[in-house]
Amino acid sequence: MMSKRFPSTHFEIVAMSTTGDKILDTALSKIGEKSLFTKELENALERNEVDLVVHSLKDLPTALPTGFTIGAVCKRENPHDAVVFHPKNHGKSLSSLPEKSIIGTSSLRRAAQLKKKYPHLEFRDIRGNLNTRMKKLDEKEDFSAIVLAAAGLRRMGWENRIGQILTSDECLYAVGQGALAVEVRAKDQDILNMVSALQDPETVLRCIAERAFMKRLEGGCSVPVAVNTFVKDSQLYLTGAVYSLDGSDCLKETMQSCIVFPQQDLEGPNDDLQHVGITALGVSHQALKSSESLGIGLADLLLSKGAKEILTVARQLNDAR
């Protein structure tokens, strides 16, 4: 994408692996470290070994370390979750799987929602990158199916393995799911200007609302928090929910906010204003503020209805697992 926009610049790719890629025997929610997939990459950025770092936005904590910012959020892929079935269950859906079938996911968010929706199924942790999980599914008989982000499968070219896409009625997605984030040094204006060419305004506004919601709730890997966003007629709609670990307790609400304003006052180069870790050059100030306020407002509504209690219990139960 960068080479297309800046043909005269040479972009070298430096591949790296992170703690999260290496610790494969523990559920993410149990490791308790916020920057599992980002720390090593940020170290390289800090040492000027690289100039920009590409992440899945959902791996990035809602507050970044000082000196870093997300300079662009690229156009979002399908943010929903997908079910990949063991070859013997080809053509089935979650609802048609036999009683007590085992579904692999180490996401508390996915498990909480799907336990409630499909009480006849059992859910078990499965870790590893996509290759590892697919291998575990196909080569052993442990799992009838696994649940993964549709976006990751598409990026790997494994779309043909998707047996079912989970709709928002079945499973709300994770904050930032399906979007790639480009992290840069906050003071590196040239690089910031360059990567802002990749910014997708609608994606960035949706993700700011989602991240602000999560931040206000103090959510993370170790609690089930889920969202859904869309833009229609200059309104941004945000649905947010919190769940108990077994999905029996749930608070879910939707709010909306205007994100199109008559006087588009774009973020200028001197505005180093960050919104939940994101610097959005070329996007209207008012729209950015409106999105962030929407996330905070929805979180406050859920907190007023008892979200804190649900999340505290979920966190304690998860720690005790």
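Note that the structure is predicted; figures quoted are calculated from it, not measured.
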Taking Ser144's backbone N and O only, do any of them form a donor-acceptor pair with Asn89's side chain (distance below 3.5 Å, no angle check)? yes
If I take atom CD from residue Gln113 and atom OG from residue Ser107, how far apart are they, to the nearest 0.5 angstrom? 8.0 Å
Check whether any side-chain heavy atom of Lys88 sits under 4.5 Å from a side-chain heavy atom of Glu141, and report yes or no. yes
In terms of heavy-atom contacts, Ala179 and Val73 come closest through CB-CG1, 3.9 Å
SB check Asp138 Arg161 (cutoff 4.0 Å): yes
Option from Leu180, Val182, Ile70, Leu60 for which side chain to side chain contact (heavy atoms under 4.5 Å, CB included) with His55 holds: Leu60
If you apply the rule side chain to side chain contact (heavy atoms under 4.5 Å, CB included), what do you find for Glu159 with Leu153, and how did you get there? CA-CA 6 Å; Glu159 216 164 348; Leu153 289 162; over 6 Å; no
One should read off an interatomic distance between Leu245 CG and Gln316 CD, to the nearest 0.5 angstrom, of 10.5 Å
Please go through Tyr243's hydrophobic cluster and name the other residues, only I, L, V, M, F, W, Y counting, with side-chain heavy atoms under 4.5 Å joining them. Leu172
Closest heavy-atom contact between Ala174 and Lys58? CB-CD, 4.0 Å
Hydrophobic clustering (ILVMFWY, side-chain heavy atoms < 4.5 Å, transitive) - are Leu288 and Val231 grouped together? yes
Could you check whether any side-chain N or O of Ser56 sits under 3.5 Å from a backbone N or O of Asp59, counting only pairs where one atom can act as donor and the other as acceptor? no
Determine whether a donor-acceptor pair (N or O, by modelled atom type, separation under 3.5 Å) exists between the side chain of Arg124 and the backbone of Ser106. no
Assess the side chains of Gln177 and Asp81: does a donor N or O sit below 3.5 Å from an acceptor N or O? yes
Run the numbers on Ser291 and Ile259 for side chain to side chain contact (heavy atoms under 4.5 Å, CB included), then give the verdict. CA-CA 7 Å; Ser291 301; Ile259 50 160; 3.7 Å; yes
Is there a path from Leu137 to Leu130 through hydrophobic residues (I, L, V, M, F, W, Y) whose side chains come within less than 4.5 Å of each other? yes
Spacing of CZ belonging to Phe213 relative to CG belonging to Leu301, to within rounding of 0.5 Å: 9.5 Å
Not counting sequence neighbours, list each pair that qualifies as a ring pair (Phe, Tyr, Trp, His ring centres under 6.0 Å) and has a residue in residues 134-171. none
In Å and rounded to the nearest 0.5 Å, what is the CG to CZ distance from Leu148 to Arg110? 6.5 Å
For Ser248, is there any backbone N or O sitting under 3.5 Å from a side-chain donor or acceptor partner on Ser244? yes
With side chains defined as the heavy atoms from C-beta onward, is the minimum distance between Arg185 and Asn48 less than 4.5 Å? yes
Hey, does Leu57 have a side-chain heavy atom less than 4.5 Å from the side chain of Cys207? yes
Any side-chain to backbone donor/acceptor pair from Glu210 onto Gly176? Under 3.5 Å, distance only. yes
Kindly indicate whether the side chain of Val53, heavy atoms from C-beta on, has any atom under 4.5 Å from the side chain of Glu42. no
Pairs meeting criterion ring pair (Phe, Tyr, Trp, His ring centres under 6.0 Å) with involvement of residues 299-321, two or more places apart: none
To the nearest 0.5 angstrom, please state how far the CG atom of Leu294 sits from the CZ atom of Arg206. 12.5 Å
For the backbone of Lys308 and the side chain of Thr312, can you confirm whether one donor and one acceptor N or O come within less than 3.5 Å of each other? yes
Out of curiosity, Met134 CE to Met156 CE, how far, rounded to the nearest 0.5 Å? 9.0 Å
Grab the two heavy atoms, one from Asp51 and one from Val184, that are nearest each other, plus how far apart they are. O-CG1, 4.0 Å
Would you mind listing every ring pair (Phe, Tyr, Trp, His ring centres under 6.0 Å) that reaches into residues 75-114, with sequence neighbours excluded? His80-Tyr173
Exam field: side chain Asn129 to backbone Thr132, donor-acceptor pair closer than 3.5 Å: yes
Is it true that the side chains of Ser196 and Gln199 contain a donor and an acceptor less than 3.5 Å apart? no
Apply side chain to side chain contact (heavy atoms under 4.5 Å, CB included) to residues Arg216 and Leu303 and explain how you reach the verdict. CA-CA 9 Å; Arg216 185 66 145 209; Leu303 288 167; 4.3 Å; yes
Leu97 and Lys92 have their tightest heavy-atom pair at CD2-CD, 3.7 Å
Is the shortest side-chain heavy-atom distance between Tyr237 and Ser257 below 4.5 Å? no
Can you find a heavy atom in the side chain of Val283 that is under 4.5 Å from one in the side chain of Val204? yes
Any side-chain heavy atom of Lys116 sitting closer than 4.5 Å to one from Cys250? no
Main chain of Thr239, side chain of Thr254: is a donor-acceptor contact present, judged purely on distance under 3.5 Å? no
Please step through side chain to side chain contact (heavy atoms under 4.5 Å, CB included) for the pair Phe68 and Leu45, ending with a clear verdict. CA-CA 9 Å; Phe68 302 107; Leu45 201 51; 3.6 Å; yes
Does one hydrophobic cluster hold both Phe230 and Ile208, with members joined at side-chain heavy-atom distances below 4.5 Å? no
Scan side-chain atoms only and decide if Thr203 and Arg76 contain a donor-acceptor pair under the 3.5 Å cut-off. no
Are Val54 and Phe11 joined in one hydrophobic group, where the rule is that I, L, V, M, F, W and Y side chains link up if heavy atoms are under 4.5 Å apart? no
Answer yes or no: is there a donor N or O on one side and an acceptor on the other, between the side chain of Ser293 and the main chain of Lys289, under 3.5 Å? yes
Out of curiosity, does Leu166 fall in the hydrophobic cluster containing Val225 (side-chain heavy atoms, cut-off under 4.5 Å, transitive links)? no
How far apart are the closest heavy atoms of Ala307 and Leu251, and which atoms are they? N-CD1, 3.4 Å
When you measure from the side chain of Thr69 to the backbone N and O of Gly71, does any donor-acceptor pair fall under 3.5 Å? no
Which residue pairs pass the ring pair (Phe, Tyr, Trp, His ring centres under 6.0 Å) test when at least one of the two sits in residues 97-125, sequence neighbours left out? none
Residues in salt bridge (charged side-chain N to carboxylate O under 4.0 Å, His left out) contact with Glu309, at least two apart in sequence or another chain: none
Consider only side-chain N and O atoms of Thr167 and Asp169, and report whether a donor and an acceptor are under 3.5 Å apart. no
Flag side-chain contact, heavy atom, 4.5 Å: Glu253 against Leu302: yes
Show the nearest heavy-atom pair for residues Ala72 and Leu198, with the distance to one decimal. CB-CB, 4.2 Å
